[in-house]
Amino acid sequence: MTQTRPRLLLIDGHSMAYRAFFALPAENFSTTTGQTTNAVYGFTSMLINVLRDERPTHVAVAFDVSRQSFRTEQYPEYKDGRAATPDEFRSQIPLVQQVLGAMNVTWLTLEGYEADDILATLAHQATEAGFDTLICSGDRDALQLVDDDVTVLYPVKGVSELSRMTPEKVQEKYGVPPHRYRDLAALVGEKSDNLPGVPGVGPKTAAKWITTYDGLDGVIAAADQIKGKAGENLRAHLSDVLRNARLNKLVCDLVLPKSAGELLWEGWDAEATAELFDVLEFATLQDRLRSQLSERQVGEFTAVAELPEVVATFRRLETGELAGWLESRDPSEPVGIAVAGEFAKGSGHITGLALSDGEEEVWCDPAAFDPGDESAWLAWLADPGRRKAVHDAKGLLWACAGRSWRVAGIEMDTALAAYLIRPDLRSYALEILVERYLGRELTAASTTADQPALEGIDAAGEDEAALGRRAGAVRDLAGVLAGELASHDVAGLLADMELPVLYVLADMETTGIGADTTHLSSLEAEFAGRAKEAVAAAHAAVDQQFNLRSPKQLQEILFEKLGMPKTKRTKTGYTTDAEALAGLFAKTGHPVLEAILRHRDVEKLKQTVDGLLAAVADDGRIHTTFHQTVAATGRLSSSDPNLQNIPVRTGAGREIRRGFVVTEGFDALMTCDYSQIEMRIMAHLSADEGLISAFHSGEDLHTTVASRVFSVAPEAVDAEQRRKIKAMSYGLAYGLSAYGLSQQLTITPEEARGLMDEYFDRFGGVRDYLRSVVDEARRKGYTETMFGRRRYLPDLSSDNRQRREMAERAALNAPIQGSAADIMKVAMLRVAAGLREAGLTSRILLQVHDELVLEVAPGERDRVEALVRDRMSHAAELAVPLEVSVGFGRDWDTAAH
DNA sequence: CGCCCAACGTA
DNA sequence: CGTACGTTGGGCGC
């Protein structure tokens, strides 16, 4: 059974607040009354993070009383020479203590001792009492306390990132075990404490001596034998070293008002924190308290006791043992799966398989299966009643597709679950999730489906137990994330949308799309030739060789040599983007500009084609990878190669699309687009009657909208008016400003403002909706799509105007872009299911946000068209119809419509 | 070799 | 001073 230990979090209040003080710019953190709050803010933010990530049962913070301590009595120069603590910092310490009061966190001081001594004493008591202890301190002296039960969280930069200093980590970083760290510090000295060490002796030398002579006592005893300048210095500074050793020893037997066992944390006082954060003007922190420390996590010992601990046993299953293991599992318990091998681009190969039911982790090698193992495994894998949890299950699906293994019953993908809970994380690596949600560390296996091997490294040497731990971690995470999904109201999105979509994507990737390499190669040659001509023309025009690809060299030529007028600034100089070059050409008519633009154009096309040719697999097809946890709005992304940004706007670009072709056994490619899906969603969400009726009018949307904005008959709308309205309509969904609109339409900001006013006069519902989106997001902390997909936007209450306004635009866009993404995902599921149920061979190849590309089998064309139109247009019921346009052709361009 | 930047392709 | 992505080459620093 799982056992658990209480967990004590100790924080050096002074040192962490001081770190925060220097990490956060004071000018961004002050209240309207002029109180600086950067240290309080940084400290509180750190505290919330650590409480969330570590889930301690017991918490205490220690402070220094003054600079006077028993150390200054023994050595009056101790900590001399330190710059005086700035008043701006000192005034914040009482505020930090008020925060701790409101959060019901015990804080302690003791006359004559430093905070570190208090922490050492509490850590000592905690270990005696069977606690795990975490010490959060920016003072390296704390490292001497590290052992199997005590971990130091040492701030790396600022206070937002903490490094877990375990015994192994201390050894790795300093070359000595933690109980020898004091010895090292004594030899090296500590400048900030005004404790000089042995001159010329740094951590490397000190570690070497300590290791060679078995500790400081040994080093001192052997001082006469140590050669060279360093040995000489050691002998000359022995008294300094001894003094350092005496002073850097932390006191661990103090008598304190509270003992470790009395530090139980029972959660914060909602009223008191709300009031205090109000005074401190910390708008975001109250939300973060609420959203990141859900009730379940608030220090309830019973809740923490439910946290899985690493107690599972590991066993290697020999040939013939898997069947028995699978059979004896409790079917109601989910099994965590982890696989090792190579996984990429729609295929995979499993070299190791680990399973965990929470009590036992087992490993086996599919290559060693006997017929009994094989049939038991296949039956288990395909049984939807056998509950499975996987992290990033696509790799497993790829490998299974290659061996025709059917997979069913995956009820949890921990990467997808974490994405639904927090869609804006940079990484959903298993290690990170385990740390975040289980508060434990996972030592990485080198080759797994969610962490593909580097080419050439096989998994033969894979640590079997490490893979077992991954399976165990996935299984444990599954339980915690299921709770989080429920509390974020997104459990349905995982079960009914993301997990089913995962299977469709895996199929699409395994299938790939046919490439006409002959066509692509001849295009490549043509683009290469034209690029070369452009280079020659550019060189001739300025009578000089230069690299046209280098913005830096371009700037030198244009602005220095030719003295052209300066363009808009970038971080590193002046922009040479296409728009700016076109502007310069209009002013100067210099032929080099035309050559550069031509080169840029054709070079981009060439690169795209190069990339595609390089991506053609042995089967003559291109297998992209779709990413399901990258875009914060819920969209998919595509890479290796990215098939969602293949050119389409120019003739030359469309030539590239002719390189994607229908293949043997199929009749045509078919493209199916949602027309104006984002505008339709805007109409639906805003319920604006004018916009809704525009969609029902049956006429061109932008013309209809323009006729109302300009108060003219639809027939009287000219091309220019339509263009402006189209730009604005789309811009609105992106949080476009009047200034931005004026830039895009090359009109004055006043004209743009007038245009927007007219627009909102006619379509007031849109304006009201856009306002309400931001208001609601600010209130709730997140936006929501039609299907309940959330995006958290803490920057909505940022003090930094740029960040805040960026978050506002993201808030405007996320429900619209995200709802479109949701609808498309539903459509994909319905189309895939429809094709399967009807027994059709036609298949989905690509998704490009609002477009699907299918490959249609002979004789299926009409049925597939009817099916796709139906399934796509009814993927969601909106206040306006969802229109789908369809086309067929031998290639992607011809199939466009 | 890894990182950032500018530039540019798509929806 | 319009959202969401991925890829590329140049340039810099390790």
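Lettering of chains follows the sequences in order, A, B, ..., and the numbering in each one begins at 1.
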Tell me what [X] touches on the nucleic acid: a base, only sugar-phosphate, or nothing, going by heavy atoms under 4.0 Å.
X: G740(A); result: sugar-phosphate
X: T608(A); result: nothing
X: R791(A); result: sugar-phosphate
X: R635(A); result: base
X: T576(A); result: sugar-phosphate
X: I646(A); result: sugar-phosphate
X: K571(A); result: sugar-phosphate
X: A814(A); result: nothing
X: A821(A); result: nothing

Length of the line joining [X]:[atom1] and [N]:[atom2], which is rounded to integer Å:
X: E851(A); N: dA4(C); atom1: CD; atom2: P; result: 22 Å
X: F626(A); N: dC5(C); atom1: CZ; atom2: C1'; result: 13 Å
X: L605(A); N: dT7(C); atom1: CG; atom2: P; result: 18 Å
X: R600(A); N: dG9(C); atom1: CZ; atom2: P; result: 14 Å
X: I681(A); N: dT3(C); atom1: CD1; atom2: C1'; result: 14 Å
X: Q607(A); N: dG6(C); atom1: CD; atom2: C1'; result: 13 Å
X: M682(A); N: dG2(C); atom1: CE; atom2: P; result: 15 Å
X: L741(A); N: dG2(C); atom1: CG; atom2: P; result: 10 Å

_Listed nucleotide nearest any side-chain atom of S550(A), set dG11(C), dG6(C), dC5(C)_ = dG11(C)
*asked:* Of the listed nucleotides (dT7(C), dG6(C), dT3(C)), which one gets closest to any side-chain atom of D640(A)?
replied: dT7(C)
*May I ask you to verify whether the side chain of Q553(A) and the base of dG10(C) hold a donor-acceptor pair under 3.5 Å?*
no
*On a plain distance test, is the side chain of Q817(A) in donor-acceptor contact with the base of dT3(C) below 3.5 Å?*
yes
*Could you note down all residue pairs passing side chain to side chain donor-acceptor pair (under 3.5 Å) where residues 672-683 of chain A supplies at least one of them, sequence neighbours left out?*
D673(A)-H897(A), Q676(A)-R680(A)
*Write out all pairs satisfying side chain to side chain donor-acceptor pair (under 3.5 Å) with one or both partners inside residues 548-560 of chain A, taking only residues at least two apart or from two chains.*
R549(A)-E603(A)
Is any side-chain N or O of [X] closer than 4.0 Å to OP1 or OP2 of [N]?
X: R809(A); N: dT3(C); value: yes
X: K552(A); N: dC12(C); value: yes
X: N547(A); N: dG10(C); value: yes

Presence of salt bridge, [Y] and [X], under 4.0 angstrom:
X: R753(A); Y: D757(A); result: yes
X: E579(A); Y: K568(A); result: no
X: E751(A); Y: K724(A); result: no

*Nucleotide range of DNA chain B lying under 4.0 Å from chain A heavy atoms*: dC5(B) to dA11(B)
*Angle class for the Y419(A)/Y428(A) ring planes (parallel below 30°, perpendicular above 60°, tilted otherwise)?*
perpendicular
_Candidate pair E720(A) and R723(A), rule salt bridge (Lys or Arg N to Asp or Glu O under 4.0 Å), full reasoning_ = CA-CA 5 Å; E720(A) 187 57 18; R723(A) 184 182 74 93; 3.0 Å; yes
*Taking it one step at a time, do R789(A) and E784(A) satisfy salt bridge (Lys or Arg N to Asp or Glu O under 4.0 Å)?*
CA-CA 5 Å; R789(A) 181 190 302 276; E784(A) 227 172 339; over 6 Å; no
*Nearest-angstrom distance, C1' atom, dC4(B) to dG2(C)*: 24 Å
*asked:* Distance alone, cut at 3.5 Å: any donor-acceptor contact between the side chains of Q628(A) and K394(A)?
replied: no
